[in-house]
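Below is one structure, written out as structure tokens, with a few remarks after it.
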Amino acid sequence: MDQFLGFLLGYAFGSVPFGLLLAIAAGKGDIRQIGSGNIGATNVLRTGSKWLAAATLLLDLGKGLLPIVIAKALWDMPGEILAPVPLAAVGAVVGHCFPVWLKFKGGKGVATNLGVSLGLAVPIGLAYAGVWLVMAFAFRISSVAGMSAVVGAAIAAYALGFASYGPALGVIAVLIIWLHRANIGRLLRGEEPKIGSKL
């Protein structure tokens with residue numbers, strides 16, 4: 001039951017579609033009708049509002065971080081792979097990617113997984129952010145940075161002494177890469193847009 005509650009806690013936070021809500025509140029309309037159609041910060045940036053994209057990024061990060069903080073306060077099961085905390089991590093990303101409020105059509109989980117990673121262990125989160133920044137500056141392509149970061153977080157969990165979080169972060173990495181399958185196709189064709197592009 002605790003494991004289920006941990007997952008549900010993460011899902012409840014993760015499923016809040018901040019990008020969509022902020023865009024509507026700011027008069028930008030339904031961001032699902034522009035760009036990639038996703039509700040994350042990268043697509044919000046395509047509205048031309050950097051502050052709106054930044055706010056979405058921070059809120060999506062927060063909805064990954066907060067359930068982990070709460071789960072750690074409620075359940076103390078360090079070292080267990082199927083403990084409520086790592087399951088809350090998976091739940092938060094699943095909630096963002098498949099929110100019940102939007103008929104299970106959400107974002108791709110990159111920013112939410114940054115919050116999750118920071119919540120699980122700050123060194124994992126810093127590794128995640130570091131990989132994202134390096135790849136973003138090197139290639140200027142959000143999908144490349146995001147996919148690299150999620151894999152980096154899973155590897156960092158094992159490398160930095162947080163192996164019990166490795167399986168959860170590995171599952172998340174597989175999910176996020178699968179959700180980027182269209183991006184991978186565009187990358188192979190040389191058609192993936194750069195960060196900030198309106199296309």
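Going from atom CH2 of Trp51 over to atom OG1 of Thr56 covers 8.5 Å, rounded to the nearest 0.5 Å. Atoms CG and CG, on Leu8 and Leu87 in that order, are 11.5 Å from each other to the nearest 0.5 Å. Taking CG of Asp2 as the start and CG of Leu9 as the end, the distance is 11.5 Å to the nearest 0.5 Å. Within the model, atoms CG of Leu57 and CG of Leu45 stand 10.5 Å from one another, a figure rounded to the nearest 0.5 Å. To the nearest 0.5 Å, the span separating CG on Leu102 from NE2 on His96 amounts to 10.0 Å. If you take CD1 on Ile141 and OG1 on Thr42, they are separated by 12.0 Å, rounding to the nearest 0.5 Å.
Residues Leu59 and Phe13 do not share a hydrophobic cluster, clusters being chains of Ile/Leu/Val/Met/Phe/Trp/Tyr side chains in contact below 4.5 Å. Put simply, Val144 and Leu133 are part of the same group of oily side chains (I, L, V, M, F, W, Y) that touch within less than 4.5 Å, one to the next. Under a hydrophobic clustering in which Ile, Leu, Val, Met, Phe, Trp and Tyr are joined whenever their side-chain heavy atoms come within less than 4.5 Å, directly or via other members, Ile172 and Ile155 fall into the same cluster. Residues Ile176 and Phe104 fall within the same hydrophobic cluster, defined by Ile, Leu, Val, Met, Phe, Trp and Tyr side chains chained together at heavy-atom separations under 4.5 Å. When the side chains of ILVMFWY residues are joined at heavy-atom separations under 4.5 Å, either directly or via intervening members, Leu21 and Leu52 end up in a single hydrophobic cluster.
Taking 4.5 Å as the limit, every side-chain heavy atom of Leu120 sits out of range of all side-chain heavy atoms of Phe162. When side chains are defined from C-beta on, Arg46 counts as touching Pro193, because their heavy atoms get closer than 4.5 Å. Within the 4.5 Å cutoff, the side chain of Leu65 has heavy atoms near those of the Val69 side chain. By the 4.5 Å heavy-atom criterion applied to side chains, Ile177 and Ile184 are counted as neighbours. In this structure, the side chains of Cys97 and Val93 come closer than 4.5 Å at one or more pairs of heavy atoms. Looking only at side-chain heavy atoms (C-beta outward), Trp132 and Ser148 stay at 4.5 Å or farther from each other. Two residues are said to be in side-chain contact when any heavy atoms from C-beta on lie closer than 4.5 Å; Asn113 and Leu169 meet this criterion. Contact of the Leu58 side chain with the Phe18 side chain is not registered, since no non-hydrogen atoms from C-beta on lie closer than 4.5 Å.
A donor-acceptor pair is defined here as one N or O able to donate and one able to accept, closer than 3.5 Å; such a pair exists between the side chain of Lys194 and the backbone of Phe139. Listed for the Tyr11 side chain is a donor-acceptor partner under 3.5 Å among the backbone atoms of Phe98. The backbone N or O of Gly40 sits nowhere less than 3.5 Å from a side-chain atom of Asn38 that would complete a donor-acceptor pair. A donor-acceptor contact shorter than 3.5 Å links the side chain of Lys63 to the backbone of Val16. Side-chain atoms of Thr112 do not come within 3.5 Å of backbone N or O of Gly109 as any donor-acceptor pair.
The two residues Ile124 and Leu160 have their closest heavy-atom pair at N-CD1, 4.3 Å. When all heavy atoms are compared, the tightest approach of Trp75 to Val85 is O-CG2, 4.1 Å. The two residues Gly64 and Ile68 come nearest to each other via the heavy atoms O-CG1, 3.2 Å. In terms of heavy-atom proximity, Asp60 sits nearest to Ala111 at CB-CB, 3.9 Å. Nearest approach of Ser117 to Ala153, heavy atoms of both residues: OG-CB, 3.9 Å. Between Ala121 and Lys72 the shortest heavy-atom distance is N-NZ, 4.4 Å.
Scanning for salt bridge (Lys or Arg N to Asp or Glu O under 4.0 Å) contacts around Arg189 gives Glu191, with sequence neighbours left out.
Considering Lys108, His180, Glu192 as possible partners of Ser143, the one that fulfils the side chain to side chain donor-acceptor pair (under 3.5 Å) test is Glu192.
The 12-atom threshold is exceeded at OH of Tyr158, counting heavy atoms of other residues, nucleotides or ligands nearer than 6.0 Å.
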